[in-house]
A.B. asks: 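Here it is, the structure in full.
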Amino acid sequence: MILYFSSTGNTKFVAEMMAKDLKDEIVSLNHVFKYNKKWEFHSETPFILAAPVYAWRLPKKVELLLKNAVFTGSKEIYFVITMGGHAGSAMNSCQRITEKKQMTYMGFAGIPMPDNYFLADQMLSKEKAVLKIQKVIPFIHNIENIIRNKQVLKLYEHKSNDWFLSSAAYWGFNTFMKSSRAFKVSDQCIHCGKCIKECPVNNITTKGGKITFGNQCMFCLGCIHKCPVHAIDYKGKAKKNGYYICPSSSEILADNKEFPQK
């Protein structure tokens, strides 16, 4: 069973490719969170948790689910992480949580994907994003083969400052940055409701005919990137650095000869 969380589509693309190639069941944690489904999962095959990194750790809500969910059937779990530059000490935290749950940690892979963190980086054009994702497809197939052969994933190398990024920086992100108070909605808003529909934690509502943000934000930034008229922003950074949504599978896999399905 592949459990995945995805905001702008990178992890969804990876999870869906792996589910197809491995003929495995796939579950969206976005839906689990949004519709308050039970955190109970059963699989006879190893679990695969696929998620992005937020401030060099798993998103806090995903990490909370990992700690508290009930996993039955298989006791093995793999971690497949999408990341911009690197994943900090996310691997270590995943291993600690897994062992505390008395499950078998089957390894960690970090897949470099186009970044959606516009607060710090300029967003790639669709063309450049397609090229970047195409380059990692052989790597994704390698991950699939390792999982298919029931081997341990060892596809991520730590950097010297990972401990700081995944501790102090992660705390700062969740304490100060991960707040929707600085989200602004312009007069361009067409009240289509897409941000409300897409928010995985139901943090966005309408009040007095205006879009309103609560205090449960995951800071996934999906509402900003997916707004059809780019009416939502955070401190003006999206308007400055651009928007990103993962290209479709058909756009990425257009050349079937170069990127064959396994």
Side-chain angles (χ1 to χ4, degrees), residues 1-30 41 43-54 56 58-59 62 66 71 73-88 90-92 94-95 98 103-116 124-159 244-262:
M1 176 183 285
I2 300 174
L3 305 167
Y4 78 91
F5 178 81
S6 185
S7 171
T8 52
N10 285 339
T11 309
K12 183 174 186 286
F13 168 78
V14 172
E16 289 181 343
M17 172 179 276
M18 293 182 65
K20 180 179 179 181
D21 294 348
L22 296 173
K23 297 179 173 57
D24 205 350
E25 180 182 0
I26 188 170
V27 175
S28 167
L29 294 181
N30 298 60
F41 308 98
S43 178
E44 295 302 323
T45 58
F47 291 97
I48 302 170
L49 181 64
V53 287
Y54 289 179
W56 303 282
L58 291 181
V62 176
L66 179 62
F71 298 97
S74 176
K75 291 297 182 182
E76 299 177 335
I77 185 166
Y78 289 92
F79 293 90
V80 177
I81 305 301
T82 57
M83 58 189 189
H86 58 106
M91 180 174 70
N92 290 344
C94 289
Q95 185 171 4
T98 300
M103 296 182 72
T104 302
Y105 173 77
M106 294 297 290
F108 183 103
I111 304 174
M113 296 286 279
D115 204 341
N116 74 355
L124 294 181
S125 67
K126 178 181 285 189
E127 292 75 18
K128 290 182 178 180
V130 166
L131 290 174
K132 182 165 185 174
I133 297 171
Q134 286 177 340
K135 288 180 180 179
V136 301
I137 288 175
F139 184 54
I140 296 172
H141 287 326
N142 185 34
I143 293 170
E144 293 170 347
N145 287 331
I146 291 171
I147 294 174
R148 188 180 289 114
N149 294 323
K150 299 180 180 180
Q151 298 171 332
V152 175
L153 281 175
K154 297 179 180 179
L155 299 176
Y156 180 72
E157 294 184 4
H158 278 300
K159 296 185 178 181
Y244 172 77
I245 295 177
C246 183
S248 67
S249 295
S250 60
E251 291 170 317
I252 297 168
L253 303 173
D255 187 348
N256 290 324
K257 292 181 179 179
E258 186 175 357
F259 306 111
Q261 296 294 299
K262 298 295 182 179

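No experiment lies behind these values; they were computed from the predicted model shown.
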A.B. asks: Compare every heavy atom of Pro112 with every heavy atom of Val136, then report the nearest pair and how far apart it is.
C.D. replies: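 Residues Val136 and Pro112, closest heavy atoms: CG1-O, 3.4 Å.
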A.B. asks: Tell me, do Glu25 and Ile2 make a side-chain contact under 4.5 Å, heavy atoms counted?
C.D. replies: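 Sidechains of Ile2 and Glu25: no contact.
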A.B. asks: For Ser74, what residues pass the side-chain hydrogen bond (donor to acceptor under 3.5 Å, both in side chains) criterion, not counting sequence neighbours?
C.D. replies: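 In terms of side-chain hydrogen bond (donor to acceptor under 3.5 Å, both in side chains), with neighbours along the sequence ignored, Ser74 is linked to no residue.
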A.B. asks: Ignoring hydrogens and geometry, is there a side-chain-to-backbone donor-acceptor pair from Asn10 to Pro114 under 3.5 Å?
C.D. replies: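 Side chain of Asn10 to backbone of Pro114: a pair is present.
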A.B. asks: How close do Ala109 and Leu153 get, counting heavy atoms only, and between which atoms?
C.D. replies: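 Looking at all heavy atoms of both residues, the shortest contact is CB-CD1, 4.1 Å.
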A.B. asks: Taking the side chain from Asn142 and the backbone from Pro138, do they hold a donor-acceptor pair closer than 3.5 Å?
C.D. replies: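 No.
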A.B. asks: Would you say the side-chain atoms of Ser249 pair up with the backbone N or O of Phe13, donor to acceptor, closer than 3.5 Å?
C.D. replies: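 No.
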A.B. asks: Under a 4.5 Å cut-off applied to non-hydrogen side-chain atoms, are Ile77 and Ile48 in contact?
C.D. replies: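 Side chain of Ile77 against side chain of Ile48, heavy atoms only: no contact under 4.5 Å found.
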A.B. asks: For the residue pair Phe47 and Phe41, is the inter-centroid distance of their aromatic rings smaller than 6.0 Å?
C.D. replies: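 Centroid distance Phe47-Phe41: not below 6.0 Å, so no.
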A.B. asks: Any donor-acceptor pair under 3.5 Å linking the side chain of Ser6 with the backbone of Lys12?
C.D. replies: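 Confirmed, Ser6 side chain pairs with Lys12 backbone.
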A.B. asks: Between Thr98 and Gln95, is any side-chain donor less than 3.5 angstrom from a side-chain acceptor?
C.D. replies: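 Absent: no donor and acceptor within the cut-off.
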A.B. asks: Heavy-atom count check: over 12 atoms from other residues, nucleotides or ligands less than 6.0 Å from Lys126 NZ?
C.D. replies: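 Atom NZ in Lys126 is not packed in, count stays at 12 or less.
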A.B. asks: Taking only residues two or more places apart in sequence, or in another chain, which ones meet Lys128 in a side-chain contact (heavy atoms from CB on, under 4.5 Å)?
C.D. replies: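 side-chain contact (heavy atoms from CB on, under 4.5 Å) check on Lys128 returns Leu124, Ser125.
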